[in-house]
Amino acid sequence: MIKISIDKAKCIGCGACEAVCDKTFGLKDNIAFVKQQPKALTCEKEASDSCPVNAISIK
Ligand code: SF4
């Protein structure tokens, strides 16, 4: 099973993850959160790569 997590302490709320992959990532109070865990990876890796502070991990 895929598990996406966001290190909220690292997140700077830039919105890149949401811009790249808004089915999985959202922003609330300028901190990213996982809307729902994906069944299969589509844009999540790209979102992780686009994060300037490496706050997104995919397992
Ligand atoms: S790309 Fe990274 S820093 Fe930007 S909102 Fe998403 S998790 Fe936060």
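In listed order, ligands and their atoms are each counted from 1.
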Salt bridge (Lys or Arg N to Asp or Glu O under 4.0 Å) filter on Lys8, not counting sequence neighbours, yields none
Which residue and non-hydrogen atom of the protein lie closest to atom 5 (S) of ligand 1, and at what distance in Å?
Gly15 N, 3.3 Å
Using only atom types and a distance under 3.5 Å, with no angle test, would you say the side chain of Lys35 pairs donor to acceptor with the backbone of Asp22?
yes
Distance-only donor-acceptor pairs under 3.5 Å for side chains of residues 48-56, two or more places apart:
unit_1	atom_1	unit_2	atom_2	d
Ser48	OG	Ile56	O	3.3
Asp49	OD1	Lys45	NZ	3.3
Asp49	OD2	Lys45	NZ	3.2
Ser50	OG	Ala47	O	2.7

With clusters defined by side-chain heavy atoms of hydrophobic residues (ILVMFWY) lying less than 4.5 Å apart, directly or transitively, does Val34 cluster with Ile2?
yes
Is Ile4 reachable from Ile31 through a run of hydrophobic residues whose side-chain heavy atoms are each under 4.5 Å from the next?
no
Partners passing salt bridge (Lys or Arg N to Asp or Glu O under 4.0 Å) against Glu18 (at least two apart in sequence or in another chain):
none
At a cut-off of 2.8 Å, protein N/O/S around atom 2 (Fe) of ligand 1 gives Cys51 SG
